Engineer: 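Before we start, here is the structure in question, set down as structure tokens.
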Amino acid sequence: MSLRILVGVKRVIDYAVKIRVKPDKSGVITEGVKHSMNPFDEIAIEEAVRMKEKKIAKEIVAFSCGPAQCQETLRTALAMGADRGIHVEVAGPQFDTLQPLHISKMLAQLAKDEQIDLIIVGKQAIDDDCNQTAQMTAALLDWPQATSASKIEAKDGSLQVVREIDGGLETIKVKLPTVVSADLRLNEPRYATLPNIMKAKKKPIKKLTPKDLGVDVSPRIEVVTVEEPPVRLAGAKVENVDMMVEKLKALGHA
Amino acid sequence: MALSFVGNVQSCRLLEFQYISVISCFVLVMALQLRRLSLGLAKFQQARNASILTSLPETHELLRKTCRDFAEAELKPNAARFDKEHLYPKEQILKMGELGLMGIVVPEDFGGAGLDYLAYAVAIEEISRGCASAGVIMSAHNSLYLGPLLKYGNDQQKKDWVQPFAGGDKIGCFSLSEPGNGSDAGAASTTAVTSADGGWTLNGTKAWITNGYESEATVVFATTDKSLKHKGISAFVVPKPTPGLSLGKKEDKLGIRGSSTCNLIFEDCHIPKDNLLGKPGLGFKIAMSILDGGRIGIAAQALGIGQAALDCAVDYASKRKAFGQPITKLQSIQNKIADMALQLESARLLTWRAAALQDEGRAFIKEAAMAKLAASEAATFISHQAIQILGGMGYVSDMPAERHYRDARITEIYEGTSEIQRLVIAGNVLKEYGV
């Protein structure tokens, strides 16, 4: 097997940062805040690199859509082992209203333009928690999909994927080309080694606009307001279980 | 321009004069072009220099992120344990080796990462921020062991003593100080006497050797000709273990307890003649030039410790409430935080400047001494104030502030005490003034 893999990587606010809402409630403060690659996307890149090391894949293309700083995210992907990057630049207010549908359309077009055999993305982004991009991309391309993957094996020209579902683990076989979304336990991403960081400098990053891919990024939604979750109120203590049941009934929870 | 020059000359009558003039014009033109080129190059270097005042180059930023992620995940959770149990972080050093951190400036041909000294400074700071012991192990190995071999070793020595030591599984150490002399490095009483086969026999004791226990080789400085005083010291590379070389007990230190420090005792220790580094009598010069570079590593380590202490202090202060509000609202605390941040940032700029000068191949001795002095004094100041900000919590091992305080202290002592740094700086400044 000699697959060409497309991996989507999203630049999100770092998971360790304390999120704060803007005073005008129009969104979340992103200015000057630490950003990094979506953790599920790191897992996706790691899986692609491991497939290349096992000689199942021959080329890894990393893709990111967003403002100019996405180049840093792409460089991290290159330093982890991707061969080249594609940056679709969308900045400012347009970026804030980007939806998985827009990204899926870009991924679908790139898959056709770059003759991709396998698309791997993180199962969801930690900022919007949508869990939609992989599914939509597969539908647009009419490709099979294997989402929430915790194990991928290449067998006889197709992929055998173990999925983490609510009921447990489901093993499915998908024909190529296919879309896979990476779940937490798929692998543990490597640190970019120093030699690879040096090599990443020389790897190319192609810049495109949404128009180049025929994708209209005009907003389909309007953000009305963004608010902090309600402050957690103090609880009440009760003497025993019977009293607790009574209290729950009184509050309308039982 | 060249053609018009030649055209003018060709109107001269004497043939030889014409011939010489054409050649000299050509040479003049080439010289002017070269000067323009070198000015342009100097401008480029200046531009690169100026840019680190505002931010690191992209590669270095990526490197910093990798080292920080590594330090947060692998070093920070274990640092307290390494300190409490005096544990050498063997697994973590191996992982650092896999990342390329144990051979940062070693050329790729000899198994290293082939990066520059600015990258080295950035990496050591991030590693030290996670664990100061890991930072010193990395610094001593890179600057003090690999350094002399890279700069003064021949190709065979680099193959034997650098290549196997660039991947993290083997580390080396640097043996200069003795029980009888630290700052007074020229008074080395360890002797190396030539033996019949052209090799040497070493006798003497070296003290305070970082990585003394885990290292599998050492660069050692011994007197080959006492009459020449400090010009009679030579440098050698000695494998460990080797007959005639024994280790003293591990020192029970105040801080950086994850790294081993012990005496190296040489008793009729024989080494072959291929193990001489450079030339006989070059030892003192080697030691001094290596320590100049090592200072940047230790400055970076001190920056890491200082940064960790500042992070701890600010985090605590933002959560601790007194007089009805977080103590970050109090002016006394804000004054402390400002002073701590100021000292740290100033020391960091000095360190990066010294590293950038070293990368450009320009003189950096004064700047390296300034960096080490500033960073080590910043680290002790910051960790002292961090304990103050944490109050009682700063005094107990539940919080890392007390460990940072203990780790920071040594940075003012090793690789040139603060007093020596002041002498180096003053010497260079006076030279600049020509007085």
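If you're wondering where the values come from, they're calculated on a predicted model, not measured in any experiment. The sequence lines fix the lettering, A, B, ..., with proteins before strands; numbering per chain opens at 1. Values below: every heavy atom of this structure, side chains too, minus hydrogens, waters and symmetry copies.
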Engineer: Would you say A:Asp83 and A:Lys52 make side-chain contact, with heavy atoms under 4.5 Å?
Structural biologist: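 When only atoms from C-beta onward are counted, A:Lys52 and A:Asp83 do touch, with a gap below 4.5 Å.
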
Engineer: Using the ring-ring contact (aromatic ring centres under 6.0 Å, His included) criterion, which residues pair with B:Tyr88? Sequence neighbours excluded.
Structural biologist: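 B:Tyr88 satisfies ring-ring contact (aromatic ring centres under 6.0 Å, His included) with no residue once adjacent residues are dropped.
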
Engineer: Do any pairs count as a ring-ring contact (aromatic ring centres under 6.0 Å, His included) and have a residue in residues 105-127 of chain B, sequence neighbours left out, and if so which ones?
Structural biologist: none

Engineer: So does A:Glu164 pair up with A:Lys123, basic N to acidic O under 4.0 Å?
Structural biologist: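 No.
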
Engineer: Between A:Ala192 and chain B, which part of the residue has a heavy atom less than 4.5 Å away: side chain, backbone, both or neither?
Structural biologist: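 Looking at A:Ala192, backbone and side chain both touch chain B.
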
Engineer: Please flag which part of B:Lys65 lies under 4.5 Å from any non-hydrogen atom of chain A: side chain, backbone, both or neither.
Structural biologist: side chain

Engineer: Select one option (side chain, backbone, both, neither) describing which atoms of B:Glu98 are under 4.5 Å from chain A's heavy atoms.
Structural biologist: backbone

